[in-house]
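Worksheet: the structure to be examined is printed underneath.
All values reported here derive from a predicted model rather than from experimental measurement.
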Amino acid sequence: SVSIPSPSALQYPCRYPVSRISHPVSRTMPLTVYYPSIEPDLLTDLQAQLDPGVRIISGPDLPAESDYEVLITGRPTREQLAASPRLRAVVVPWAGVPETMRDLVPDFPHVEVHNLHHNADATAELAFALLLAAAKRVVPLDQKLRDGDWSARYGSSETVLLHSKTALILGYGSIGQRVARYCHALGMTLLATRRDPTKDANDDLPVELHLPDALRDLLPRAEVLVVTLPLTSETEGLIGRRELDLLPDNAILVNVGRGPIVDQQALFDALRDGRMHSAGLDVWYNYPEGEEARAHTLPADVPFHTLENIVMSPHRGGDTMDTDRLRMADLARILNAASRGEPMPNRVDLEAGY
(Lines give C-alpha, C1' and ligand atoms only; values in the text may rest on other atoms or scores of the structure.)
Protein backbone atom coordinates (compact mmCIF):
# COMPACT_ATOMS: atom_id res chain seq x y z
CA SER A 1 0.00 0.00 0.00
CA VAL A 2 1.01 3.63 -0.43
CA SER A 3 1.28 5.72 2.72
CA ILE A 4 -0.90 8.81 3.03
CA PRO A 5 0.56 12.09 4.28
CA SER A 6 -0.70 13.27 7.64
CA PRO A 7 -3.50 15.86 7.65
CA SER A 8 -1.00 18.54 8.61
CA ALA A 9 1.19 17.60 5.66
CA LEU A 10 -1.77 17.89 3.32
CA GLN A 11 -2.55 21.30 4.85
CA TYR A 12 -6.30 20.77 4.98
CA PRO A 13 -7.48 22.63 8.12
CA CYS A 14 -10.59 20.88 9.45
CA ARG A 15 -13.44 23.33 9.41
CA TYR A 16 -15.90 20.93 11.01
CA PRO A 17 -15.68 18.97 14.26
CA VAL A 18 -14.05 15.56 14.05
CA SER A 19 -15.79 12.46 15.31
CA ARG A 20 -15.38 8.74 15.67
CA ILE A 21 -17.44 6.20 13.83
CA SER A 22 -19.88 4.90 16.44
CA HIS A 23 -18.26 1.46 16.37
CA PRO A 24 -14.56 1.93 15.54
CA VAL A 25 -13.11 -0.87 13.45
CA SER A 26 -10.01 -2.71 14.70
CA ARG A 27 -7.06 -3.48 12.43
CA THR A 28 -8.09 -7.15 12.31
CA MET A 29 -11.51 -6.36 10.86
CA PRO A 30 -11.90 -4.71 7.43
CA LEU A 31 -13.75 -1.45 6.92
CA THR A 32 -16.27 -1.98 4.13
CA VAL A 33 -17.01 1.06 1.98
CA TYR A 34 -19.65 1.39 -0.73
CA TYR A 35 -18.79 3.88 -3.49
CA PRO A 36 -21.62 3.56 -6.07
CA SER A 37 -20.19 5.77 -8.81
CA ILE A 38 -16.43 5.82 -9.21
CA GLU A 39 -14.51 5.43 -12.44
CA PRO A 40 -12.21 2.39 -12.65
CA ASP A 41 -8.97 4.39 -12.91
CA LEU A 42 -9.90 6.51 -9.91
CA LEU A 43 -10.82 3.38 -7.97
CA THR A 44 -7.37 1.98 -8.69
CA ASP A 45 -5.78 5.23 -7.53
CA LEU A 46 -7.85 5.22 -4.33
CA GLN A 47 -7.16 1.59 -3.49
CA ALA A 48 -3.42 2.15 -3.84
CA GLN A 49 -3.59 4.71 -1.04
CA LEU A 50 -5.77 2.78 1.40
CA ASP A 51 -4.72 0.75 4.41
CA PRO A 52 -4.97 -3.04 3.91
CA GLY A 53 -8.05 -3.09 6.14
CA VAL A 54 -10.22 -0.99 3.83
CA ARG A 55 -12.43 -2.77 1.27
CA ILE A 56 -14.20 -0.82 -1.50
CA ILE A 57 -17.41 -2.01 -3.16
CA SER A 58 -18.41 -0.10 -6.30
CA GLY A 59 -21.21 -0.19 -8.86
CA PRO A 60 -24.69 1.35 -9.12
CA ASP A 61 -26.51 -1.72 -7.76
CA LEU A 62 -26.71 -2.27 -4.04
CA PRO A 63 -24.23 -4.96 -2.91
CA ALA A 64 -25.71 -8.42 -2.40
CA GLU A 65 -24.26 -8.43 1.11
CA SER A 66 -24.97 -4.94 2.38
CA ASP A 67 -22.60 -4.68 5.31
CA TYR A 68 -20.87 -1.42 4.44
CA GLU A 69 -20.08 1.06 7.19
CA VAL A 70 -19.24 4.04 4.99
CA LEU A 71 -21.18 5.26 1.94
CA ILE A 72 -19.50 7.67 -0.47
CA THR A 73 -21.97 9.79 -2.43
CA GLY A 74 -23.30 13.31 -2.47
CA ARG A 75 -26.85 12.24 -3.26
CA PRO A 76 -27.69 9.08 -1.31
CA THR A 77 -30.98 7.31 -1.83
CA ARG A 78 -33.13 6.10 1.01
CA GLU A 79 -32.39 2.55 -0.12
CA GLN A 80 -28.63 3.10 0.14
CA LEU A 81 -28.98 4.53 3.63
CA ALA A 82 -31.29 1.77 4.82
CA ALA A 83 -29.66 -1.26 3.16
CA SER A 84 -26.79 -1.74 5.61
CA PRO A 85 -27.50 -1.96 9.34
CA ARG A 86 -23.79 -1.23 9.90
CA LEU A 87 -23.80 2.11 8.06
CA ARG A 88 -22.28 4.79 10.26
CA ALA A 89 -21.06 7.54 7.94
CA VAL A 90 -21.70 9.13 4.55
CA VAL A 91 -18.83 10.96 2.86
CA VAL A 92 -19.80 13.61 0.32
CA PRO A 93 -16.92 13.60 -2.21
CA TRP A 94 -16.89 17.39 -2.51
CA ALA A 95 -17.50 20.46 -0.33
CA GLY A 96 -21.08 21.24 0.62
CA VAL A 97 -24.19 19.15 1.19
CA PRO A 98 -27.14 19.08 -1.26
CA GLU A 99 -30.49 20.11 0.17
CA THR A 100 -32.00 16.71 -0.68
CA MET A 101 -29.36 15.07 1.50
CA ARG A 102 -29.95 17.46 4.38
CA ASP A 103 -33.64 16.50 4.25
CA LEU A 104 -33.06 12.74 4.05
CA VAL A 105 -30.18 11.92 6.41
CA PRO A 106 -31.91 13.10 9.62
CA ASP A 107 -34.21 10.07 9.20
CA PHE A 108 -31.09 8.01 9.99
CA PRO A 109 -29.82 9.62 13.22
CA HIS A 110 -27.00 7.09 13.65
CA VAL A 111 -25.40 8.21 10.35
CA GLU A 112 -22.82 10.99 10.32
CA VAL A 113 -22.01 13.14 7.27
CA HIS A 114 -18.53 14.23 6.25
CA ASN A 115 -17.15 16.46 3.47
CA LEU A 116 -13.97 16.54 1.45
CA HIS A 117 -11.84 19.69 1.33
CA HIS A 118 -9.58 18.62 -1.52
CA ASN A 119 -10.58 21.60 -3.67
CA ALA A 120 -9.99 24.32 -1.06
CA ASP A 121 -6.71 25.46 -2.60
CA ALA A 122 -8.13 25.57 -6.12
CA THR A 123 -11.24 27.50 -5.09
CA ALA A 124 -9.24 29.99 -3.05
CA GLU A 125 -6.85 30.52 -5.96
CA LEU A 126 -9.74 31.27 -8.31
CA ALA A 127 -11.26 33.66 -5.78
CA PHE A 128 -7.96 35.51 -5.68
CA ALA A 129 -7.71 35.46 -9.49
CA LEU A 130 -11.20 36.96 -9.74
CA LEU A 131 -10.24 39.63 -7.22
CA LEU A 132 -7.13 40.63 -9.14
CA ALA A 133 -8.90 40.52 -12.51
CA ALA A 134 -11.74 42.69 -11.22
CA ALA A 135 -9.48 45.18 -9.45
CA LYS A 136 -7.19 45.56 -12.46
CA ARG A 137 -9.94 45.50 -15.13
CA VAL A 138 -8.09 42.67 -16.85
CA VAL A 139 -10.96 41.44 -19.02
CA PRO A 140 -12.11 44.71 -20.69
CA LEU A 141 -8.50 45.86 -21.17
CA ASP A 142 -7.65 42.54 -22.80
CA GLN A 143 -10.65 42.75 -25.10
CA LYS A 144 -9.81 46.29 -26.24
CA LEU A 145 -6.18 45.50 -26.92
CA ARG A 146 -7.21 42.51 -29.04
CA ASP A 147 -8.86 45.09 -31.31
CA GLY A 148 -5.73 47.24 -31.34
CA ASP A 149 -7.23 49.79 -28.94
CA TRP A 150 -4.54 51.29 -26.65
CA SER A 151 -6.69 54.15 -25.34
CA ALA A 152 -6.79 52.77 -21.78
CA ARG A 153 -3.03 53.28 -21.48
CA TYR A 154 -3.40 57.03 -21.99
CA GLY A 155 -6.63 57.74 -20.14
CA SER A 156 -7.49 57.94 -16.45
CA SER A 157 -6.87 54.66 -14.67
CA GLU A 158 -9.88 52.71 -13.38
CA THR A 159 -7.85 50.05 -11.59
CA VAL A 160 -7.65 49.59 -7.82
CA LEU A 161 -4.51 49.22 -5.71
CA LEU A 162 -5.19 46.35 -3.30
CA HIS A 163 -2.16 46.94 -1.10
CA SER A 164 -3.22 48.48 2.23
CA LYS A 165 -6.92 47.90 1.52
CA THR A 166 -9.19 46.02 3.96
CA ALA A 167 -10.69 42.66 2.97
CA LEU A 168 -13.69 41.12 4.74
CA ILE A 169 -13.99 37.36 4.26
CA LEU A 170 -17.40 35.88 5.00
CA GLY A 171 -16.82 32.27 6.04
CA TYR A 172 -13.39 31.67 7.54
CA GLY A 173 -13.14 27.95 6.81
CA SER A 174 -10.81 25.97 4.56
CA ILE A 175 -11.27 28.28 1.57
CA GLY A 176 -11.58 31.52 3.48
CA GLN A 177 -8.36 30.93 5.38
CA ARG A 178 -6.46 30.42 2.16
CA VAL A 179 -7.94 33.55 0.61
CA ALA A 180 -6.87 35.43 3.74
CA ARG A 181 -3.31 34.23 3.32
CA TYR A 182 -3.21 35.47 -0.28
CA CYS A 183 -4.67 38.85 0.70
CA HIS A 184 -2.18 39.15 3.53
CA ALA A 185 0.65 38.59 1.05
CA LEU A 186 -0.57 41.72 -0.78
CA GLY A 187 -0.38 43.76 2.39
CA MET A 188 -4.13 43.88 3.02
CA THR A 189 -5.82 44.23 6.40
CA LEU A 190 -7.92 41.16 7.20
CA LEU A 191 -11.40 40.88 8.69
CA ALA A 192 -13.42 37.66 8.75
CA THR A 193 -16.62 36.15 10.13
CA ARG A 194 -17.34 32.61 11.24
CA ARG A 195 -19.70 30.81 13.59
CA ASP A 196 -16.93 29.92 16.04
CA PRO A 197 -14.07 32.43 15.82
CA THR A 198 -11.89 30.27 18.11
CA LYS A 199 -11.89 27.14 15.93
CA ASP A 200 -9.20 26.04 13.50
CA ALA A 201 -7.92 29.52 12.79
CA ASN A 202 -4.61 30.36 11.11
CA ASP A 203 -3.02 31.76 14.24
CA ASP A 204 -0.05 33.11 12.31
CA LEU A 205 -2.27 35.49 10.30
CA PRO A 206 -3.33 38.86 11.73
CA VAL A 207 -7.05 38.29 11.13
CA GLU A 208 -9.69 40.16 13.08
CA LEU A 209 -12.35 37.46 13.60
CA HIS A 210 -15.99 38.22 14.35
CA LEU A 211 -19.27 36.40 14.76
CA PRO A 212 -21.66 36.59 11.77
CA ASP A 213 -23.99 38.99 13.57
CA ALA A 214 -21.28 41.69 13.37
CA LEU A 215 -21.69 41.85 9.57
CA ARG A 216 -23.31 45.27 9.29
CA ASP A 217 -20.71 46.82 11.57
CA LEU A 218 -17.92 45.36 9.43
CA LEU A 219 -19.24 46.22 5.96
CA PRO A 220 -18.34 49.94 6.10
CA ARG A 221 -14.71 48.87 6.58
CA ALA A 222 -14.73 46.31 3.74
CA GLU A 223 -13.10 47.68 0.61
CA VAL A 224 -13.04 44.07 -0.62
CA LEU A 225 -15.81 41.61 0.28
CA VAL A 226 -15.13 37.91 -0.35
CA VAL A 227 -17.96 35.38 0.07
CA THR A 228 -16.89 31.79 0.78
CA LEU A 229 -20.00 30.74 2.71
CA PRO A 230 -22.19 27.70 2.03
CA LEU A 231 -25.81 28.25 1.08
CA THR A 232 -28.14 27.70 4.04
CA SER A 233 -31.41 29.18 5.26
CA GLU A 234 -29.32 31.69 7.24
CA THR A 235 -27.00 32.74 4.40
CA GLU A 236 -29.48 32.94 1.51
CA GLY A 237 -29.97 36.62 0.67
CA LEU A 238 -27.44 37.63 3.31
CA ILE A 239 -25.97 40.35 1.07
CA GLY A 240 -28.76 42.52 -0.28
CA ARG A 241 -29.19 46.15 -1.27
CA ARG A 242 -28.92 47.41 2.30
CA GLU A 243 -25.66 45.52 2.88
CA LEU A 244 -24.12 46.63 -0.43
CA ASP A 245 -24.99 50.23 0.39
CA LEU A 246 -22.94 49.93 3.58
CA LEU A 247 -19.76 49.15 1.62
CA PRO A 248 -17.30 51.99 0.96
CA ASP A 249 -17.25 53.61 -2.47
CA ASN A 250 -15.43 51.57 -5.13
CA ALA A 251 -15.69 48.33 -3.15
CA ILE A 252 -15.06 44.99 -4.87
CA LEU A 253 -17.11 41.84 -4.28
CA VAL A 254 -15.97 38.28 -4.99
CA ASN A 255 -18.33 35.33 -4.58
CA VAL A 256 -17.11 31.72 -4.68
CA GLY A 257 -19.66 30.47 -2.14
CA ARG A 258 -23.12 30.22 -3.68
CA GLY A 259 -24.93 32.69 -5.92
CA PRO A 260 -28.13 33.28 -3.88
CA ILE A 261 -26.11 34.48 -0.89
CA VAL A 262 -25.89 37.78 -2.78
CA ASP A 263 -29.06 39.37 -4.14
CA GLN A 264 -28.53 39.47 -7.91
CA GLN A 265 -30.64 42.54 -8.65
CA ALA A 266 -29.02 44.56 -5.89
CA LEU A 267 -25.54 43.61 -7.07
CA PHE A 268 -26.35 44.37 -10.70
CA ASP A 269 -27.72 47.81 -9.78
CA ALA A 270 -24.69 48.66 -7.65
CA LEU A 271 -22.29 47.69 -10.44
CA ARG A 272 -24.29 49.38 -13.21
CA ASP A 273 -24.67 52.62 -11.26
CA GLY A 274 -21.00 52.75 -10.26
CA ARG A 275 -21.60 52.49 -6.53
CA MET A 276 -19.24 49.49 -6.56
CA HIS A 277 -16.00 49.27 -8.48
CA SER A 278 -16.36 45.69 -9.69
CA ALA A 279 -17.17 42.07 -8.91
CA GLY A 280 -15.89 38.59 -9.67
CA LEU A 281 -18.39 35.71 -9.59
CA ASP A 282 -17.87 31.97 -9.92
CA VAL A 283 -21.28 30.97 -8.53
CA TRP A 284 -24.67 31.74 -10.07
CA TYR A 285 -28.43 31.80 -10.02
CA ASN A 286 -29.31 29.81 -13.14
CA TYR A 287 -27.60 26.64 -14.32
CA PRO A 288 -28.12 24.62 -17.53
CA GLU A 289 -30.81 21.99 -17.34
CA GLY A 290 -29.32 19.26 -19.46
CA GLU A 291 -26.41 19.06 -21.87
CA GLU A 292 -28.09 20.91 -24.74
CA ALA A 293 -28.69 23.97 -22.55
CA ARG A 294 -25.00 24.36 -21.73
CA ALA A 295 -24.41 26.51 -24.79
CA HIS A 296 -27.23 29.01 -24.24
CA THR A 297 -28.05 29.49 -20.55
CA LEU A 298 -27.42 32.91 -19.04
CA PRO A 299 -26.28 32.51 -15.43
CA ALA A 300 -28.56 35.14 -13.88
CA ASP A 301 -31.93 36.79 -14.30
CA VAL A 302 -30.23 40.19 -14.66
CA PRO A 303 -27.87 41.07 -17.55
CA PHE A 304 -24.51 40.86 -15.80
CA HIS A 305 -23.03 40.05 -19.20
CA THR A 306 -23.65 43.62 -20.36
CA LEU A 307 -21.36 45.11 -17.71
CA GLU A 308 -17.62 45.70 -18.13
CA ASN A 309 -16.92 45.77 -14.38
CA ILE A 310 -17.67 42.14 -13.67
CA VAL A 311 -15.56 39.01 -14.23
CA MET A 312 -17.69 35.92 -14.85
CA SER A 313 -16.54 32.33 -14.32
CA PRO A 314 -18.76 29.23 -14.92
CA HIS A 315 -18.60 27.71 -11.41
CA ARG A 316 -15.29 25.97 -11.92
CA GLY A 317 -13.47 27.13 -8.79
CA GLY A 318 -12.60 23.65 -7.55
CA ASP A 319 -11.61 22.22 -10.92
CA THR A 320 -7.99 21.80 -11.95
CA MET A 321 -5.97 19.11 -13.68
CA ASP A 322 -5.11 17.85 -10.18
CA THR A 323 -8.66 17.65 -8.83
CA ASP A 324 -9.22 13.89 -9.13
CA ARG A 325 -5.83 13.10 -7.62
CA LEU A 326 -6.45 15.42 -4.68
CA ARG A 327 -9.97 14.03 -4.16
CA MET A 328 -8.68 10.48 -3.92
CA ALA A 329 -5.89 11.47 -1.52
CA ASP A 330 -8.28 13.32 0.78
CA LEU A 331 -10.80 10.49 0.62
CA ALA A 332 -8.09 7.96 1.47
CA ARG A 333 -7.12 10.08 4.46
CA ILE A 334 -10.67 9.95 5.82
CA LEU A 335 -11.18 6.24 5.15
CA ASN A 336 -7.85 5.28 6.68
CA ALA A 337 -8.75 7.24 9.79
CA ALA A 338 -12.06 5.36 10.02
CA SER A 339 -10.30 2.04 9.51
CA ARG A 340 -7.92 2.77 12.38
CA GLY A 341 -10.72 3.88 14.69
CA GLU A 342 -9.35 7.41 14.61
CA PRO A 343 -11.45 10.59 14.37
CA MET A 344 -12.94 11.19 10.93
CA PRO A 345 -12.34 14.81 9.91
CA ASN A 346 -14.69 17.28 8.22
CA ARG A 347 -17.92 16.28 9.94
CA VAL A 348 -20.93 18.28 8.76
CA ASP A 349 -23.41 19.84 11.17
CA LEU A 350 -26.61 19.10 9.26
CA GLU A 351 -28.66 21.42 11.44
CA ALA A 352 -26.41 24.33 10.49
CA GLY A 353 -26.13 23.10 6.88
CA TYR A 354 -22.32 22.77 6.75
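The pair R181-D204 meets the salt-bridge criterion, since a charged nitrogen lies less than 4.0 angstrom from a carboxylate oxygen. The pair D147-K144 fails the salt-bridge criterion, with no side-chain N (NZ, NE, NH1 or NH2) lying under 4.0 Å from an Asp/Glu carboxylate O. Residues D282 and R316 are not paired through a salt bridge, judged by the lack of any N-O separation under 4.0 Å between the basic side chain and the carboxylate. In this structure, R294 does not pair ionically with E289, as no charged nitrogen and carboxylate oxygen lie closer than 4.0 Å. Salt bridge R241/D245: absent, no basic N to carboxylate O contact under 4.0 Å.
In this structure, T235 contributes its side chain and L238 its backbone to no donor-acceptor pair below 3.5 Å. The closest donor-acceptor contact from the side chain of Q80 to the backbone of T77 lies under 3.5 Å. N115 places no side-chain N or O within 3.5 Å of a backbone atom of N346 that could act as its donor or acceptor partner. T123 places no side-chain N or O within 3.5 Å of a backbone atom of A120 that could act as its donor or acceptor partner. Between the D324 side chain and the R327 main chain, no donor and acceptor come within less than 3.5 Å of each other. Under a 3.5 Å cut-off, the side chain of R195 and the backbone N or O of P212 do not form any donor-acceptor pair. Between the side chain of D330 and the main chain of H118, a donor-acceptor pair closer than 3.5 Å is present. Looking only at distances, a side-chain donor or acceptor of T297 sits under 3.5 Å from a matching main-chain atom of A293. A distance-only check finds no donor-acceptor pair linking the side chain of Q177 to the backbone of S174 [under 3.5 Å]. The closest donor-acceptor contact from the side chain of T228 to the backbone of G171 lies under 3.5 Å.
Atom-to-atom distance recorded for R275:CZ and N250:CG is 12.5 Å, nearest 0.5 angstrom. To the nearest 0.5 angstrom, L218 atom CG is 10.0 Å from L211 atom CG. Here the OH-CD distance, from Y285 to Q265, works out to 10.5 Å after rounding to the nearest 0.5 Å. With values rounded to the nearest 0.5 angstrom, D41 atom CG is found 11.5 Å from L46 atom CG. In this structure, the separation between CD1 on I38 and CD1 on I56 is 7.0 Å, given to the nearest 0.5 Å. Atoms CG and CZ, from N309 and R137 in turn, are 5.0 Å apart once rounded to the nearest 0.5 Å.
Summarising the geometry of D61 relative to Y34, their closest heavy-atom pair is O-OH, 3.1 Å, with the distance given to 0.1 Å. Counting all heavy atoms, side chain and backbone alike, A332 lies closest to L50 at CA-CD2, 3.8 Å. What you find for A127 and V254 is that their closest heavy atoms are O-CG1, 3.7 Å. Between A134 and S278, the closest heavy-atom pair is O-OG, 3.3 Å. Across all their heavy atoms, R86 and D67 have their closest contact at NH1-O, 3.2 Å. For M101 against G74, the heavy-atom pair with the smallest separation is SD-O, 3.6 Å.
For F128, the ring-ring contact (aromatic ring centres under 6.0 Å, His included) partners at least two apart in sequence or on another chain are Y182.
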> Given D51 and R340, is the salt bridge (Lys or Arg N to Asp or Glu O under 4.0 Å) satisfied, shown in steps?
Replying inline: CA-CA 9 Å; D51 288 350; R340 299 164 189 167; 2.6 Å; yes
>> side chain to side chain contact (heavy atoms under 4.5 Å, CB included), that's the test. Do T193 and Y172 meet it? Break it down for me.
In response: CA-CA 6 Å; T193 63; Y172 197 63; over 6 Å; no
> What's the verdict on side chain to side chain contact (heavy atoms under 4.5 Å, CB included) for V33 and E69, showing C-alpha distance, side-chain angles and the deciding distance?
Replying inline: CA-CA 6 Å; V33 178; E69 295 178 74; over 6 Å; no
> Passes side chain to side chain contact (heavy atoms under 4.5 Å, CB included), F268 versus L271? Steps please.
Replying inline: CA-CA 5 Å; F268 176 82; L271 292 170; 6.0 Å; no
> Does the side chain to side chain contact (heavy atoms under 4.5 Å, CB included) test come out yes or no for M276 and L244, once each step is laid out?
Replying inline: CA-CA 8 Å; M276 293 182 62; L244 294 177; 4.0 Å; yes
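With contacts defined as side-chain heavy-atom distances shorter than 4.5 Å, the pair E236/L231 qualifies. Between R242 and R216 the shortest side-chain heavy-atom distance falls below 4.5 Å. Considering only heavy atoms from C-beta on, R333 stays 4.5 Å or farther from M328 through its side chain. R78 has its side chain within reach of D107: a pair of non-hydrogen atoms, C-beta onward, lies under 4.5 Å apart. Using a 4.5 Å heavy-atom cutoff, the side chains of P345 and I334 are in contact. Looking only at side-chain heavy atoms (C-beta outward), P93 and T73 stay at 4.5 Å or farther from each other. L225 is listed as a side-chain neighbour of L219, based on a closest heavy-atom distance under 4.5 Å. Counting heavy atoms from C-beta outward, D149 and L145 have side chains that stay 4.5 Å or more apart.
Cluster membership check: W284 shares its hydrophobic cluster with V227, using side-chain heavy-atom separations under 4.5 Å among Ile, Leu, Val, Met, Phe, Trp and Tyr. Note on L215: it does not cluster hydrophobically with V256, by side-chain heavy-atom contacts below 4.5 Å among ILVMFWY residues. A continuous path of hydrophobic side-chain contacts links V91 to L42 [ILVMFWY only; heavy atoms under 4.5 Å]. Criterion: ILVMFWY side-chain heavy atoms under 4.5 Å apart, direct or through other members. Under it, L281 and Y287 are part of a common hydrophobic cluster. Hydrophobic clustering of Ile, Leu, Val, Met, Phe, Trp and Tyr side chains at less than 4.5 Å, counting indirect connections, keeps I175 apart from V207.
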Got a list of side-chain donor-acceptor pairs under 3.5 Å for residues 158-170, not counting sequence neighbours?
{"unit_1": "T159", "atom_1": "OG1", "unit_2": "S157", "atom_2": "OG", "d": "3.0"}
{"unit_1": "H163", "atom_1": "ND1", "unit_2": "L186", "atom_2": "O", "d": "3.0"}
{"unit_1": "K165", "atom_1": "NZ", "unit_2": "L161", "atom_2": "O", "d": "2.8"}

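Environment of CG in D249: sparse, with no more than 12 heavy atoms of neighbouring residues, nucleotides or ligands closer than 6.0 Å.
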